[in-house]
Amino acid sequence: MSELRRTPIKQLLSEGRAHPSVTVQGWVRTRRDSKGGFSFIELNDGSCLKNLQIIADHTLASWQELQAKIHTGACLEISGELIESEGKKQSVEMRAGELKVFGEADPEHYPLQKKFHSLEYLREIAHLRPRTNTIGAVMRVRSRLAYAVHQFFVDRGFIYLHTPIITSSDCEGAGEMFQVTTLDLDKPPRVDGAVDFKEDFFGEKTGLTVSGQLEGEIYAMALSLVYTFGPTFRAENSHTSRHLSEFWMIEPEMAFYDLENDMDLAEEFIKYLLGEVLEHCHDDLEFFNQRVDKNLLTTLAHVKDTPFEHIDYTKAVELLRKSNQKFEYAVEWGGHLQSEHERYLAETVFKKPVIIYDYPEKIKPFYMKMNQDGKTVRAMDVLLPRLGEIIGGSQREDDYEVLKSRFDAKGIDPKEYWWYLDLRRFGSAPHSGFGLGFERMVQFATGVENIRDVIPFPRFPKHAKF
RNA sequence: UCCGGAGUGGCGCAACGGUAGCGCAGACGGCUGUUAACCGUAAGGUUACAGGUUCGAAUCCUGUCUCCGGAGCCA
């Protein structure tokens, strides 16, 4: 093992050159036997979508025994000569010189055979599903997107900020929190009948973060440009193909950005991410284009190259009301735009990404900046065709008095946010930010319909296995 | 949480009141520089669970559980 010089299959295939001696390690996808006294083994090591075809013949030491152990799923190490392939489907293939079986996979019991498996079934075997083409490809794209996120912001002078996972602030309105406690749930300490959180680990009630935004604002008021990229938790009982209880969110926060700057950055960001995967994940995207969504590559290129539509909430409402489209929910100024409305705008009216901005203040949280009209706030949502909302953001209220009155209007105790108000008391600055749900981006980039298939180990109500 | 759909061999499906069949995978045999390989043989199911209706239930009814789609909430 220690002297091993393994070459990733990706490298062998992309170079496409013969080589007298190479070593590969990986898992068997299929084996096809020839009575000519040899077998074709398709080996995959996860470095890329494609397999390396290996020719193993009876001249190998103890070939009979080995062959009996080589089934779909077995893990092998093979050394040999890389030669130009006689077959048409690959440029190079390997003629095995030495073959070692690391681990067998009993075909009677191995759940992943060389046949189609539904994504629903694969979810039940989340410990084995990374060995499939689809999940492997998703995770390579996901990884590339994560890398691109950092590239994008670092290239633009942003500081990567780690905001806390455990927190006592709940970023009002973002969602239900998971509670974090070390109290004995059978007999918690009580004062006046209520649970006494002074006795809890942190001396107060704490939970898992639902957003790093407020902490992001703190650091933007010092470092100017910051972004967070980390796990986020929502204890909502939502059962949809677009929600997870644990998901990854990217939240940039920028001092001296107004809402227009914010929207421009959001658009540039999405286009950058798509450009990166189009450039670097070609085989995987091609696979999705064939197997998952025939229009995927066209859609991605279109979104990457087309300017997003900008429309304010009031005009969007007018447009929806004037349309002859029948909606399940009536459209009224002051109400939330429903999924069907958003989809209609992005898919039917504009047929491209749409940014809706200047929402009624009553349906948005306290921290968004009030407009001159006193009725709307500087909020924006980016909607993608098929997927719906992928980004929500706003310019933040930077005026101390206005913010205080917003607390009062929403019935929030300003004492809870004394530090947040301090940012407006001392050296306040106009600033903006947004949040992008990373898994939704992976969904959009791959065309995979259910969000549970774009994260290695999905967490959703009643599901925390693996 | 609400609305709709579905649970049948390992997986994907059929049979929709008359006693369960096909494809794939797996086993065995044959054939082949094969590549979603191909051909043949045998094997594999108390039809999610618990009750009920009926001469008879996978099929109809009730309840429970699970999964999928949609809605709400959002990212």
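By convention in this document, chain letters (A, B, ...) are assigned in the order of the sequence lines, proteins followed by strands, and residues within each chain are numbered from 1.
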Applying a 4.0 Å non-hydrogen cut-off, can you work out what [X] is touching in the nucleic acid: base, sugar-phosphate, or nothing?
X: A/Lys462; answer: nothing
X: A/Ile391; answer: sugar-phosphate
X: A/Glu120; answer: sugar-phosphate
X: A/Thr240; answer: base
X: A/Phe40; answer: base
X: A/Ser241; answer: sugar-phosphate
X: A/Glu124; answer: nothing
X: A/Gly87; answer: base

For this session: Could you tell me the separation between the CZ atom of A/Arg291 and the P atom of B/A36, rounded to a whole number of Å?
Result: 10 Å
Exercise. Given atom CZ of A/Phe233 and atom C1' of B/A75, what is their separation to the nearest angstrom?
Worked result: 14 Å
Exercise. Applying a 3.5 Å limit to both distances, which nucleotide forms a Watson-Crick or G-U wobble pair with B/G18?
Worked result: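 Across all strands, the one nucleotide that pairs with B/G18 is B/C55.
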If you measure from the Lys or Arg side-chain nitrogens to the Asp or Glu carboxylate oxygens, is any gap between [X] and [Y] under 4.0 Å?
X: A/Glu361; Y: A/Arg406; result: yes
X: A/Arg156; Y: A/Glu268; result: yes
X: A/Arg129; Y: A/Asp453; result: yes

Considering just the side-chain nitrogens and oxygens of [X], establish if one lies under 4.0 Å of OP1 or OP2 belonging to [N].
X: A/His71; N: B/A27; value: yes
X: A/Ser118; N: B/G12; value: yes
X: A/Arg29; N: B/U35; value: no
X: A/Asn237; N: B/G72; value: no
X: A/Arg440; N: B/A75; value: no
X: A/Lys89; N: B/A36; value: yes
X: A/Arg242; N: B/G72; value: no

Write down the distance separating the [atom1] atoms in [N] and [M], rounded off to the nearest Å.
N: B/C28; M: B/C67; atom1: P; answer: 36 Å
N: B/A57; M: B/C16; atom1: C1'; answer: 11 Å
N: B/G52; M: B/A25; atom1: P; answer: 43 Å
N: B/C13; M: B/G70; atom1: C1'; answer: 24 Å

Do [X] and [N] share a donor-acceptor pair, side chain to base, under 3.5 Å?
X: A/Arg95; N: B/G33; value: yes
X: A/Glu108; N: B/G44; value: no
X: A/Arg452; N: B/C68; value: no
X: A/His336; N: B/C73; value: no
X: A/His117; N: B/C11; value: no

Exercise. Would you say the side chain of A/Asp33 lies within less than 4.5 Å of the side chain of A/Gln67, judging by non-hydrogen atoms?
Worked result: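 When only atoms from C-beta onward are counted, A/Asp33 and A/Gln67 do touch, with a gap below 4.5 Å.
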Seminar exercise, completed: Between A/Lys352 and the options A/Glu347, A/Glu309, A/Glu267, the salt bridge (charged side-chain N to carboxylate O under 4.0 Å, His left out) test singles out A/Glu309
Problem set entry | Steps toward side chain to side chain contact (heavy atoms under 4.5 Å, CB included) verdict (A/Phe288, A/Val138) | CA-CA 9 Å; A/Phe288 294 124; A/Val138 165; 3.6 Å; yes
